[in-house]
2 protein chains.
Amino acid sequence: MSGFLRYKKILDLFSEERSSWTVLEISKALETPSSTIYRIVREMVSAEFLESAAGSYFRLGPAFIKFNRIINFSDPLVRAGQPFLKKLADENPITSVNVLARLYGNKVMCVADYKSPSFKKNTSYQRGKLMPLIYGATSRAIIMQITNRKLQDLINLENFKSDEDKNIFLKDLKNDRKKGYCFTEGQVDKGLIGFAVSISNKKLGIEASLSSIFDLDEFLLEHEPIIYANLTSYGLLVEKYINEIFEDIQKYHHKTNSIR
Amino acid sequence: MSGFLRYKKILDLFSEERSSWTVLEISKALETPSSTIYRIVREMVSAEFLESAAGSYFRLGPAFIKFNRIINFSDPLVRAGQPFLKKLADENPITSVNVLARLYGNKVMCVADYKSPSFKKNTSYQRGKLMPLIYGATSRAIIMQITNRKLQDLINLENFKSDEDKNIFLKDLKNDRKKGYCFTEGQVDKGLIGFAVSISNKKLGIEASLSSIFDLDEFLLEHEPIIYANLTSYGLLVEKYINEIFEDIQKYHHKTNSIR
DNA sequence: CTTAAAATTATCATTATTTAATAATTTAAT
DNA sequence: ATTAAATTATTAAATAATGATAATTTTAAG
């Protein structure tokens with residue numbers, strides 16, 4: 001265990017289910033002497049990546065809240081897309097959960113979400129949560145924009161039940177790519193349906209999606225055209241804003257670099 | 001530069017204003033050879049604390065979003081208080097910004113906020129932002145619960161204009177402690193006023209506050225009793241929930257520790 | 001498709017840090 | 001006040017980080 005991994009292994013112990021650990025517990029879990037863990041934990045506490053809680057427990061520190069905020073206010077995708085999620089929800093014909101998500105390793109992560117206040121059911125899509133790459137419209141609108149080698153690599157990491165399943169998935173993906181949007185039913189949450197469009201920006205390396213999730217019980221066929229119209233128009237708007245943000249960033253860097 | 005500091009120094013370069021850096025820029029800023037920075041950045045990218053963006057730039061990685069989410073769903077203060085912020089806003093007599101904040105080093109950090117949809121002015125209190133310890137009701141309701149040595153240490157870090165200012169501050173603090181709540185006007189944002197109560201839990205080491213911020217132009221004296229009533233009752237409710245969460249955590253740890 | 005520049009990774013001797021066993025100290029609970 | 005638990009300090013030995021340079025890969029332009 002060396003380098004950053006030393007610190008990351010400790011952080012990775014912390015989860016929603018188990019959010020506080022003592023040094024001795026960490027020491028056992030990582031099979032590392034407690035004197036070593038004490039030293040490392042002390043470092044991380046002083047950097048505010050961990051904080052000491054009561055009863056000699058430690059929990060994740062406020063540095064994560066701070067850096068999360070910086071991402072929120074500066075990440076081009078979040079900055080460009082966040083303001084439109086509420087608008088999209090308000091314009092949808094029925095209550096919805098609206099999600100901006102992006103590729104994160106070989107998973108998909110929701111980076112912003114807005115739920116209509118009266119939406120009743122629970123959804124798995126919540127900011128910061130990792131979702132499977134091959135299920136749900138949100139994910140599909142992301143993977144459908146990926147091609148060649150990178151697509152191969154991602155697909156190879158997935159466990160399809162059979163080669164047939166894999167081929168069906170790839171064929172569906174091709175179809176969706178042609179159509180320009182995705183629809184799935186109950187792949188992630190039972191009783192919910194999802195619609196999604198791709199969001200991308202090559203210069204910024206953004207591979208993302210914008211999606212709306214509805215309660216199947218509320219959904220009528222006549223809603224479909226409005227949903228697609230909303231998603232595609234807001235999708236384009238988000239891409240336009242991402243581009244503007246990109247140009248701002250470039251100007252800024254040009255300026256600061258020439259000063260030096 | 002050694003240990004975790006090596007990594008933290010790089011992360012600390014990233015800010016809202018400057019959210020992407022190249023390896024060469026980092027290398028210059030930290031006066032460290034680029035071969036070293038390349039190695040460190042690579043480590044952090046693979047741990048997802050940084051991510052490579054377009055044009056050989058790097059930005060903060062999705063690990064922060066992930067861990068932030070874990071804090072959101074598990075931090076006793078956030079878990080207990082978050083759900084009440086909207087309720088508090090809805091019950092306040094005029095539009096408001098409602099904030100849960102806590103001590104963070106020698107600063108105060110907002111850990112959850114809810115703004116009435118129609119609240120017009122901008123406030124400095126946004127989740128994740130660090131605020132001064134000695135200005136604003138939000139901060140004062142935190143520092144007023146701190147005593148003895150710890151208070152001394154915190155006060156000594158502050159730059160008061162004069163000894164007189166310092167004494168006035170300490171006297172006001174004493175008064176507020178007696179009253180059980182704080183009021184300030186325009187100390188953080190001009191044209192805004194703040195009301196706050198303390199939130200604490202000794203066992204969990206929580207030193208926090210619940211506050212409501214209003215537009216001075218909308219505020220009438222007759223609102224005051226309602227505001228105080230709301231803050232104090234929700235403050236007690238939040239403390240009660242923190243306590244329940246504490247007991248849940250204890251049970252859980254008891255269980256998992258006895259299994260081993 | 002080629003080519004040149006820029007970005008990134010690999011190599012390795014030197015230097016510095018981390019490790020972990022143990023002792024010493026501090027803190028917390030009765 | 002006392003004792004156990006938690007934390008910090010100390011140390012030689014083991015290990016890893018550094019940074020100069022070379023090698024490779026990627027990117028952008030013609």
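Below, all heavy atoms of this structure are taken into account, side chains as well, without hydrogens, waters or symmetry copies. Naming convention: chains lettered A, B, ... in sequence-line order (proteins, then strands); numbering from 1 in each chain.
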If you look only at pairs with a residue in residues 33-42 of chain B, which of them pass as a side chain to side chain donor-acceptor pair (under 3.5 Å), with sequence neighbours excluded? none
Taking the inter-plane angle between the rings of A:Phe67 and B:Phe64 on a 0 to 90° scale, is it parallel (under 30°), tilted (30 to 60°) or perpendicular (over 60°)? tilted
Expected string for nucleotides 4-22 of chain D under the B/S/- scheme (protein heavy atoms, under 4.0 Å, primed atoms plus P, OP1, OP2 as sugar-phosphate) is --SBBS------SSBBBB-
Donor on one side chain, acceptor on other, B:Tyr104 and A:Glu51, under 3.5 Å: no
Once you apply the 3.5 Å cut-off to both distances, tell me the Watson-Crick or G-U wobble partner of D:dT8, or none. C:dA23
Does any non-hydrogen side-chain atom of A:Thr32 lie less than 4.5 Å from one of A:Ser27? no
Does the salt bridge (charged side-chain N to carboxylate O under 4.0 Å, His left out) test come out yes or no for A:Arg177 and A:Asp172, once each step is laid out? CA-CA 9 Å; A:Arg177 201 179 292 142; A:Asp172 287 352; over 6 Å; no
